[in-house]
Amino acid sequence: MKPIIKNIILNALEKAHKAELLPSSHFTEIIIEEPKAESHGDFSTNIAMTMASVQKMSPKKIAEAILSSIDDPDNIIKDTQIAGPGFINFFINTKAWYPSLAKIFAQDTRFGSENIGKGKKIQVEFVSANPTGPLHVGHGRGAAVGDAVARILSFTGYNVEKEYYVNDSGRQIKTLGTSVFLRYKSILGVDDPFPDDCYQGEYITDIAKNIHSDKKDALLKIDENTAVSYCSKIAAEKILTGIKKDLNSFDVIFDNWFSEQSLFDSNIVKKTIDEFKEQKIIYEKDGALWFKTSDFGDEKDRVVVRNNGITTYFASDIAYHREKFLRGYDEIIDVWGADHHGYINRIKASIEASGTSEKKFHVILIQLVNLLRNGKQVAMSTRSGQFISLKDVIDEVGKDAARFIFLSRHYESPLDFDLEVAKKKTNDNPVYYVQYVHARISSILRKAEETGKIDFSTFDNNISDLLLNEIEEIRLIKALSFYPDTVKTSALQKEPHKITFYLMNLASLFHSYYNKHKVLTDDPKIMQSRLYLVTAVLKTIRNGLTLLGISAPKAM
RNA sequence: GCGCCUGUAGCUCAGCUGGAUAGAGCAACGGACUUCUAAUCCGUAGGCCGGGGGUUCGAAUCCCUCCAGGCGUACCA
């Protein structure tokens, strides 16, 4: 509908210029918006104001010139007005809205998808939590956002791959092995002191028990380093399996699991460092190797190899991101916790240094989650083992509610996640509000089908046969017609919460309609029309929820 | 100190890359179930958009500055 209005205005501008009503042929961009107040029409444009200086005329005069030149062969516009400082408002004929309903039926599960990706290969890397403990709620937010972004991009024509980067190398893995080994020894009666910086959680002891029942006391008889690295390996595998399982039950499926260790095994880290050394981007100072990130906008240079010969995490990350682009992605998105924001500049610097534009690299920074119970903060720390895991949360409040809450605000704002609120089945917890629409409509359709009453054939041939004149019906159709725009901005800005809010608004319009008007009425033509409308709402709600990874129940 | 994020109704948050009278949910108050699912709806009340400057026809939105909170500023990950 918007492009149609835009076109009508453009034609009017040209016509007005030819008729010498407008002196200049320089037209500013036509922006069509939807006014907040219904009294201002269905669409409005500020073109008369933005052209005032170009045309050297008052906005009002320009608006009059445009309106007098408007052609509307398809009889779309019911009324126009010039208002406020120079807005032109358009009121649309009811029947002109109907084709947007037909589009929903025609496109069905694809409704809302515009091909903006054009097959561009894009990678979304998210969660990527260290395999040193179970996922917690913070990871859950990253999982929900990353997965939704991936779904939305994939829906809008991008070729998306979801990747999880596994930090299965380095110090924290060694600490993990040490923690398990100490617990293992303690099972065998050897009680060494358990350091504070080791992982304290119950799951460590469980893994130690497993190893013990498998190996008995064999690990005590071998070299301690070998024993620890054995424990590291077993523990990381075990924990990673658990992570995969938790993500599965959260409906998050990754295409790739990329191992950090593999970067070392295949020598990619070393090769990358060597190449940068040759290019003089990496240099030696104080016995360590430094990356000249400051040449690429970082505030200072960063160490990649310490003076003890051990590479830093940054070294793997440089190699990893370089490797990603070598795999041929047109764009990569990293979803990180906000506490990593200091990392953005140095990664960008390393990407630029590799000869790739940092514009192809996008970071979504997720602010932290405050887990609450009845308004009181729940303490969380992986190291101390004091935490409620993502699994606990899913078990307690359900996958749908958890995902919806994570996606119900901008990821840049900190999130209070209250377990008690998440369990409520009221409007405190809008996931049910939206799902309820789907259930209600499903119920209506079931009832209608039972008596064989659904027949949309007349509308398929002639959409203007619809009888939808109630204001609540027009509001619904209007909202439905804006869905593709919502998906588009959500994709372009990589902001899933826009869809969440759209769905809540659509749900609200539907519930109002439902309470005021009956779908299954005695008048067959009105009933078929309403069934048609309501089915379109059902499809749109279902599509939107799917993009968020939330189910659309047929009954509640 | 420097950097990133945040500050909008009592609470939790939207506000579409500058538009008209700033929106929604919860909480408060008053109403609607012999009716397609009341997990719903209708109404009332609630605001110096953190403060102050600037940019312009027009600012919650852009710029500057100050204040408050969170996070980060490692040869940790």
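Proteins get letters first, then strands, A, B, ... in listed order; numbering begins at 1 in each. Hydrogens, waters and symmetry mates are skipped; everything else that's a heavy atom, side chains included, is used.
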For [X], answer base if it contacts any base atom (sugar-phosphate contacts may also be present), sugar-phosphate if it contacts only those atoms, and nothing otherwise; contact means non-hydrogen atoms under 4.0 Å.
X	answer
A:K518	base
A:P85	base
A:K498	sugar-phosphate
A:S443	base
A:D286	base
A:F87	base
A:H438	nothing
A:H410	sugar-phosphate
A:A83	base
A:K36	sugar-phosphate
A:D301	nothing
A:N46	base

### Watson-Crick or G-U wobble partner of B:U73, both distances under 3.5 Å
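Per the H-bond distance test, B:G1.
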
### Task
Could you please name the partner base of B:A14, counting Watson-Crick and G-U wobble pairs only when both distances are under 3.5 Å?
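Across any shown strand, B:A14 pairs with none.
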
Does [X] come within less than 4.0 Å of [Y], counting only side-chain N to carboxylate O?
X	Y	result
A:K277	A:E284	no
A:D334	A:K324	yes
A:K285	A:D301	no
A:K348	A:E352	no

### Query
Would A:H341 pass as stacked on B:G72, i.e. its ring centre under 5.5 Å from the base's six-membered ring centre and planes under 30° apart?
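A:H341 ring does not meet the centre or angle cut-off for B:G72; no stack.
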
### Task
Decide yes or no for A:T156 and A:E114: does some side-chain heavy atom of the first lie under 4.5 Å from some side-chain heavy atom of the second?
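They are not in side-chain contact.
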
### Query
Starting at CG of A:L176 and ending at P of B:A77, how long is that distance when rounded to a whole Å?
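Rounded to whole Å, this separation is 15 Å.
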
Checking only heavy atoms, does the side chain of [X] share a donor-acceptor pair with the base of [N] at less than 3.5 Å?
X	N	answer
A:D339	B:G72	no
A:D317	B:A77	no
A:S44	B:A20	yes

Does a side-chain N or O of [X] approach OP1 or OP2 of [N] to a distance below 4.0 Å, or not?
X	N	value
A:Y432	B:A39	no
A:R306	B:A77	yes
A:Q367	B:C71	no
A:K300	B:U73	no

